[in-house]
J.: 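Please see the structure below; I have some questions.
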Amino acid sequence: MTQTDITVHGMTCGHCVAAVTEELKTIDGVSDVQIDLHEGGDSPVHITSEADLDPQAIADAVDEAGYELVR
């Protein structure tokens, strides 16, 4: 198992967390997503996967959910 930590900007509620979680779980190999919501700010996201993830796939999933990946 591989752990990937990212930061997402702009989530404000549980619905936001669910949207980001759902999109990240569409990436092949992702088995778990844990988000520490910091309302309206930068929220840490911990992704567990079977192998290393493509950074562009992560960015695309966050974008598709409607939020901004902090780089």
Side-chain angles (χ1 to χ4, degrees):
M1 288 301 200
T2 300
Q3 310 298 318
T4 304
D5 294 308
I6 63 171
T7 303
V8 175
H9 179 76
M11 293 184 288
T12 59
C13 65
H15 176 69
C16 301
V17 169
V20 172
T21 299
E22 182 179 325
E23 288 300 329
L24 288 170
K25 284 189 172 182
T26 67
I27 300 172
D28 284 343
V30 171
S31 59
D32 189 48
V33 176
Q34 297 294 319
I35 299 176
D36 181 16
L37 178 63
H38 294 195
E39 293 181 11
D42 294 342
S43 299
V45 179
H46 185 74
I47 306 166
T48 303
S49 59
E50 295 172 5
D52 289 339
L53 298 175
D54 175 12
Q56 189 60 52
I58 293 171
D60 290 347
V62 171
D63 184 61
E64 182 66 28
Y67 301 95
E68 179 184 349
L69 181 64
V70 178
R71 298 183 192 241

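For this chain, numbers begin at 1 and follow the sequence in order.
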J.: Under 3.5 Å, which donor-acceptor pairs link side chains of residues 44-57 to any protein atom two or more places apart or in another chain?
T.:
residue, atom, partner, partner atom, Å
H46, ND1, D5, OD1, 2.5
H46, NE2, Q3, OE1, 2.6
T48, OG1, Q3, OE1, 3.0
S49, OG, A51, O, 2.7
D54, OD1, Q56, N, 3.1
Q56, NE2, D60, OD1, 2.7

J.: Any idea which heavy atoms bring H9 and Y67 closest together, and the distance?
T.: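 Closest heavy-atom pair between H9 and Y67: O-CB, 3.7 Å.
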J.: Which distance, rounded to the nearest 0.5 Å, do you find between the NE2 of H38 and the OG1 of T12?
T.: 14.0 Å
J.: One pair to check against side-chain contact (heavy atoms from CB on, under 4.5 Å): I35 and V8. What are the steps and the verdict?
T.: CA-CA 9 Å; I35 299 176; V8 175; over 6 Å; no
J.: How many angstroms lie between CE in M11 and OG in S43, if you round to the nearest 0.5 Å?
T.: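 It is 4.0 Å, given to the nearest 0.5 Å.
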J.: With sequence neighbours left out, write down each residue that passes side chain to side chain donor-acceptor pair (under 3.5 Å) with Q34, or none if nothing qualifies.
T.: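 Partners of Q34 under the side chain to side chain donor-acceptor pair (under 3.5 Å) test: D32.
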J.: What side-chain donor-acceptor pairs closer than 3.5 Å can you find for residues 13-29, not counting sequence neighbours?
T.:
residue, atom, partner, partner atom, Å
T21, OG1, V17, O, 2.8
T26, OG1, E23, O, 2.6

J.: Same cluster or not: L37 versus I6, using hydrophobic residues (I, L, V, M, F, W, Y) connected whenever any side-chain heavy atoms lie under 4.5 Å apart?
T.: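 The answer is yes; both residues are in one hydrophobic cluster.
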